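One structure is given below, encoded as structure tokens.
All heavy atoms count here, side chains included; hydrogens, waters and symmetry mates do not. Remember, it's a predicted structure, so these values are computed and weren't measured experimentally. Residue indices begin at 1 and follow the sequence shown.
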Amino acid sequence: MPQPTTATAPAPASAARPTAAAPAARARRTIRPRTLVIASVAWLLAALFLLPYLEMVVTALRPADELRDATYLPSHFEWSNLIKVWTDSTLGGNLRVTLLVAAGSTLLVLLVALPAAYYTARIKYRGRKLFLLLVLVTQMFQPTSLLVGLYREFYQFDMLNSVWTLIICNAAFNLAFAIWILTAYISSIPVELEEAAQIDGLGRVGALRRVTIPLAMPGIVTALIFTFISAWNEFVMGLRLTTVPESQPLTVGINNFIGNYTVQWNYLFAGSVVAILPVVVLFAIIERQVVSGLTAGSVK
């Protein structure tokens, strides 16, 4: 009686795979000299850009009697500088004004730029290119060239030292950029999506709210963030349109630490740290949306 033969199971393919894949894996882990050089240069440039900020933090924590010392690091860190800069100055009120101005300007730009950009992107009206050209030309006007006229105008309306004055000015100077960015982004969204939504029963406003705005969110975030940062860092209009220390923005409040004969360097740099931290944190959070919004409309 023949004995049953037992078939030898073939070796699994994964058993031989590591020996064949090992050289490929080692090749992928090999760092090319060109990559190493580029990475080294990138880290060096990053360090050069970060050194001034490191010096700012160190000076903010330096004791007053060591401000003129040649040593890079102080003998001890004066953490009380970060507290005294709030208690011995109007910096707290200046920060509140800056927050109101930046938030108000951003909201006003959104309310005006979004409908204008949507209409310009979707409706092919006569003079459309001329309108976009005029929007771009307005970016060439510097606030300093219009400062005298703005001062006289707001003086006539008794609106100096007002938060609303700074909100209107910052929104006006950032409106053109927001319209330009949003027009390019909305133009890159296929109009067939809105038409399909309208066939399903949504009107033009409903299609805008449920289809276009969610798809255009990276461009909207880009426009809003640049408006917020521009309003946060604005200095010239805040310096000339506000004269009361409590009604001045943060950039002007920091400048008050520079006197005619002395400069309070520790308080000046402590206030600078307070001024840049919110913007740095905000930009780090939404960096991807900003990059995608800036590249909107580049490829059709």
Side-chain angles (χ1 to χ4, degrees), residues 39-106 142-144 147 161 163 166 170 225-287 290:
S40 302
V41 173
W43 279 105
L44 179 60
L45 291 176
L48 291 176
F49 279 109
L50 290 176
L51 278 178
Y53 296 96
L54 180 61
E55 174 66 20
M56 179 177 62
V57 174
V58 171
T59 306
L61 300 177
R62 189 182 292 271
D65 56 349
E66 298 184 16
L67 289 175
R68 298 183 180 274
D69 291 353
T71 58
Y72 188 79
L73 293 176
S75 59
H76 66 280
F77 291 108
E78 195 74 28
W79 297 99
S80 60
N81 289 343
L82 299 177
I83 300 176
K84 291 180 180 178
V85 74
W86 296 98
T87 58
D88 298 349
S89 67
T90 61
L91 206 63
N94 302 141
L95 179 60
R96 181 184 61 83
V97 171
T98 299
L99 287 172
L100 292 175
V101 170
S105 303
T106 304
Q142 293 293 329
T144 52
L147 193 58
N161 298 314
V163 174
L166 299 180
N170 282 281
I225 290 304
F226 272 86
T227 301
F228 185 89
I229 293 177
S230 177
W232 183 276
N233 295 327
E234 201 283 322
F235 174 75
V236 176
M237 289 185 294
L239 179 64
R240 293 308 175 197
L241 299 180
T242 56
T243 56
V244 180
E246 291 78 10
S247 63
Q248 293 175 335
L250 185 61
T251 51
V252 181
I254 294 174
N255 186 66
N256 292 333
F257 292 118
I258 302 177
N260 293 329
Y261 303 103
T262 59
V263 178
Q264 297 174 291
W265 291 107
N266 48 356
Y267 292 166
L268 178 66
F269 283 104
S272 301
V273 171
V274 174
I276 68 170
L277 276 181
V279 177
V280 172
V281 173
L282 182 63
F283 194 85
I285 294 174
I286 47 82
E287 180 263 341
V290 172

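- Counting all heavy atoms, side chain and backbone alike, Gly271 lies closest to Val85 at N-CG2, 4.2 Å.
- Panel note: side chain Asn161, backbone Val244; a donor-acceptor pair is recorded below 3.5 Å.
- Of all the heavy atoms in Leu239 and Val252, the pair that sits closest is N-CG2, 3.6 Å.
- Remark: Val273 engages Met56, Val57, Ala60, Leu277 in a side-chain contact (heavy atoms from CB on, under 4.5 Å) (not counting sequence neighbours).
- By the side-chain contact (heavy atoms from CB on, under 4.5 Å) test, Trp79 is found to be paired with Leu61, Phe77, Leu82, residues two or more places apart in sequence or in another chain being considered.
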Side chains of residues 91-101: which donor-acceptor pairs under 3.5 Å do they make with residues two or more places apart or in other chains?
unit_1 : atom_1 : unit_2 : atom_2 : d
Asn94  : OD1    : Thr90  : OG1    : 3.1
Asn94  : ND2    : Pro245 : O      : 2.8
Asn94  : ND2    : Gln248 : O      : 2.9
Thr98  : OG1    : Asn94  : O      : 3.0
Thr98  : OG1    : Leu250 : N      : 2.5

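- For Thr242, there are no side chain to side chain donor-acceptor pair (under 3.5 Å) partners two or more places apart in sequence or in a different chain.
- Distance check, rounded to the nearest 0.5 Å: OG1 of Thr106 to CG of Asn170 gives 9.0 Å.
- In this structure the side chain of Phe269 never reaches within 4.5 angstrom of the side chain of Asn81, judged on heavy atoms.
- For residues 231-251, the pairs satisfying ring pair (Phe, Tyr, Trp, His ring centres under 6.0 Å) are Phe228-Trp232, with sequence neighbours left out.
- Side-chain atoms of Asn233 and Thr251 include no donor-acceptor pair closer than 3.5 Å.
- Between Leu166 and Pro249, some side-chain heavy-atom pair lies under the 4.5 Å cut-off.
- The distance from atom OG of Ser272 to atom CG of Asn255, rounded to the nearest 0.5 Å, is 10.0 Å.
- Residue pairs meeting the side chain to side chain donor-acceptor pair (under 3.5 Å) criterion with at least one member in residues 45-61, sequence neighbours excluded: Glu55-Thr59.
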